Amino acid sequence: MHTFFSEERRGDYLFLRDKELKHLKVRRIEQKEKFKVIYEDRTFLCELERLHKDKAQCRILEELPQESFQVNITLYQAVPENLKTFEEIIRGSVQVGVKRIVPVISDRSFKRREVLERKLQRWEKIAKEEMKLSGRSLPFRIEKVESLRDLKAEAQVNLLLDNFNGKGSIRDLNFKAQSYSVVVGPEGGFTAKEVSSLRERGFEPVLLRPYVMRTQTAALLMCGMIANLSAT
Ligand code: SAH
């Protein structure tokens with residue numbers, strides 16, 4: 001079933017405008033046809049009541065229950081110099097069930113905070129696109145930019161992807177928790193100082209086998225494993 005995003009509700013109606021309206025037209029949705037509309041993080045089953053020139057009027061038939069996927073994964077992603085790679089990571093994060101992504105500035109990451117802050121709108125658009133494609137209605141958050149030195153191990157399980165010092169086996173990790181955080185380095189990796197500081201703050205080093213991976217591969221592999229192994 002198709003999914004659209006609305007920013008406007010009046011009584012029992014949700015309205016689609018601009019890009020969402022265009023999308024509805026491209027999909028050739030007809031009167032009385034049913035589809036999902038996400039409004040303020042809630043999902044509604046709707047049918048098309050009327051198509052106007054500048055908006056589609058959708059009648060709310062019922063509110064759909066929230067998806068039952070409950071694992072809370074936060075990805076702290078050091079921003080790669082190539083910002084296209086970060087966009088790829090946003091897309092993948094939506095697909096594999098990450099709840100929040102936090103763009104992180106580290107010694108070897110992309111560093112211009114003001115450039116990143118201006119990207120937020122574009123990133124949100126990309127995330128929405130991906131939600132539609134993957135059938136996800138659970139909200140996905142793109143948080144404010146943070147510095148690596150300010151990260152706190154606040155989840156029940158806090159992991160640091162570390163291709164040098166990680167030891168043990170993925171099998172020994174606790175996959176019974178409700179909340180996880182995953183810290184991933186930029187293309188150039190972390191410095192030794194960054195790694196030891198994160199460990200002191202409670203992030204547990206994890207080595208993925210068998211090879212060194214690109215930052216996007218490591219991030220999505222780890223988050224995807226958590227989502228699948230800990231889902232109830
Ligand atoms: N040339 C860099 C490679 C960094 S890869 C270096 O020598 O450090 C980018 C990031 O992906 C790493 O900082 C780490 O967080 C993650 N990563 C890549 N491969 C990994 C692996 N096999 N195990 C754990 N983390 C890995």
Side-chain angles (χ1 to χ4, degrees), residues 1-75 86-103 119-144 155-156 175-181 219-220 223-232:
M1 195 182 297
H2 295 300
T3 307
F4 303 94
F5 285 87
S6 168
E7 290 176 355
E8 188 181 345
R9 177 175 180 168
R10 267 181 269 152
D12 286 339
Y13 294 100
L14 290 167
F15 295 86
L16 309 180
R17 292 179 187 269
D18 307 318
K19 275 202 71 177
E20 295 303 300
L21 174 64
K22 212 166 141 196
H23 183 201
L24 181 110
K25 286 182 179 163
V26 170
R27 296 289 173 203
R28 300 183 186 281
I29 304 280
E30 294 179 2
Q31 232 175 8
K32 298 292 166 198
E33 199 173 329
K34 293 182 178 57
F35 45 84
K36 289 197 261 183
V37 180
I38 299 177
Y39 172 75
E40 291 188 342
D41 293 343
R42 292 158 66 190
T43 310
F44 299 89
L45 181 68
C46 293
E47 67 179 15
L48 181 60
E49 175 96 0
R50 267 187 82 179
L51 199 53
H52 302 268
K53 227 190 188 130
D54 60 339
K55 60 179 183 280
Q57 183 176 2
C58 315
R59 177 193 290 278
I60 296 177
L61 301 172
E62 60 175 302
E63 179 165 359
L64 298 172
Q66 274 281 19
E67 282 168 40
S68 61
F69 182 74
Q70 292 301 347
V71 189
N72 185 338
I73 306 171
T74 299
L75 173 59
F86 193 76
E87 293 182 0
E88 215 182 289
I89 297 171
I90 290 177
R91 289 187 192 280
S93 296
V94 171
Q95 295 161 23
V96 305
V98 170
K99 187 164 187 184
R100 313 190 300 141
I101 185 167
V102 183
K119 290 275 178 193
L120 190 66
Q121 245 186 340
R122 174 173 164 79
W123 289 344
E124 276 173 348
K125 202 181 98 206
I126 288 175
K128 274 187 181 173
E129 246 172 57
E130 219 52 38
M131 283 176 68
K132 287 184 185 180
L133 288 174
S134 57
R136 169 175 177 158
S137 56
L138 269 189
F140 176 78
R141 300 265 174 261
I142 304 171
E143 304 288 357
K144 284 219 287 284
Q156 287 165 353
F175 287 111
K176 298 230 155 37
Q178 292 282 307
S179 67
Y180 297 80
S181 74
L220 298 177
C223 293
M225 279 196 287
I226 295 171
N228 282 272
L229 293 171
S230 63
T232 44

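Here the structure is a predicted model, which means the values were calculated and not measured.
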- Do we see a donor-acceptor contact under 3.5 Å between the side chains of Q178 and Q70? no

Residue set satisfying side-chain hydrogen bond (donor to acceptor under 3.5 Å, both in side chains) with K32, at least two apart, ordered chain then number -> E47

message: Run the side-chain contact (heavy atoms from CB on, under 4.5 Å) test on L48 and E30 for me, step by step, so that the C-alpha distance in whole Å, both residues' side-chain angles and the decisive distance to 0.1 Å come before the verdict.
response: CA-CA 7 Å; L48 181 60; E30 294 179 2; 5.9 Å; no

(message) Taking the basic N atoms (NZ, or NE/NH1/NH2) and the acidic carboxylate oxygens, is any pair closer than 4.0 Å for E8 and R10?
(response) yes

CG of N72 to CZ of R100, rounded to nearest 0.5 Å, is 7.5 Å

So CD1 of I142 and CG of L75: to nearest 0.5 Å the spacing works out to 11.5 Å

#### Entry: Flag side-chain contact, heavy atom, 4.5 Å: I226 against V98
no

Heavy-atom nearest pair, S230 first then F175, reads CB-O, 3.0 Å

Contacts of F35 meeting ring pair (Phe, Tyr, Trp, His ring centres under 6.0 Å) (sequence neighbours excluded), chain-then-number -> F4

Residues E67 and R136 bridged, charged N to O under 4.0 Å
no

Problem set entry | I73 vs V96 side-chain heavy atoms within contact, under 4.5 Å | no

Q57 (side chain) donor-acceptor with R50 (main chain) under 3.5 angstrom = no

Does K125 reach the side chain of K19, with side-chain heavy atoms less than 4.5 Å apart? yes

Could you check whether any side-chain heavy atom of Q31 comes within less than 4.5 Å of a side-chain heavy atom of L51, counting everything from C-beta outward? no

State plainly whether the residues E63 and R9 are in salt-bridge range, i.e. N to O under 4.0 Å.
no

Hits for side-chain hydrogen bond (donor to acceptor under 3.5 Å, both in side chains) against Q66, two or more places apart or cross-chain, chain-then-number order -> none

Q. Above 12 or not: heavy atoms from other molecules or residues under 6.0 Å from CD of E62?
A. yes

Checklist entry - Within a strict 4.5 Å, meaning less than it, do heavy atoms of the K132 and F5 side chains meet? => result yes

Test log, rule side-chain contact (heavy atoms from CB on, under 4.5 Å), inputs Y13 and R59
CA-CA 5 Å; Y13 294 100; R59 177 193 290 278; 3.2 Å; yes

Note to self: Quick one, C58 and L16 - any side-chain contact, counting heavy atoms below 4.5 Å?
What the structure shows: yes

In the structure I gave you, are the side-chain heavy atoms of L45 and M1 within less than 4.5 Å of one another anywhere?
yes

Exercise. Check whether more than 12 heavy atoms from other residues, nucleotides or ligands sit under 6.0 Å from atom CD of E7, and answer yes or no.
Key: no

### Message
Taking the basic N atoms (NZ, or NE/NH1/NH2) and the acidic carboxylate oxygens, is any pair closer than 4.0 Å for K128 and E20?
### Response
no

Task: Whether over 12 other heavy atoms sit under 6.0 Å from K25 NZ - done: yes

Between S93 and L220, is there a side-chain heavy-atom distance shorter than 4.5 Å? yes

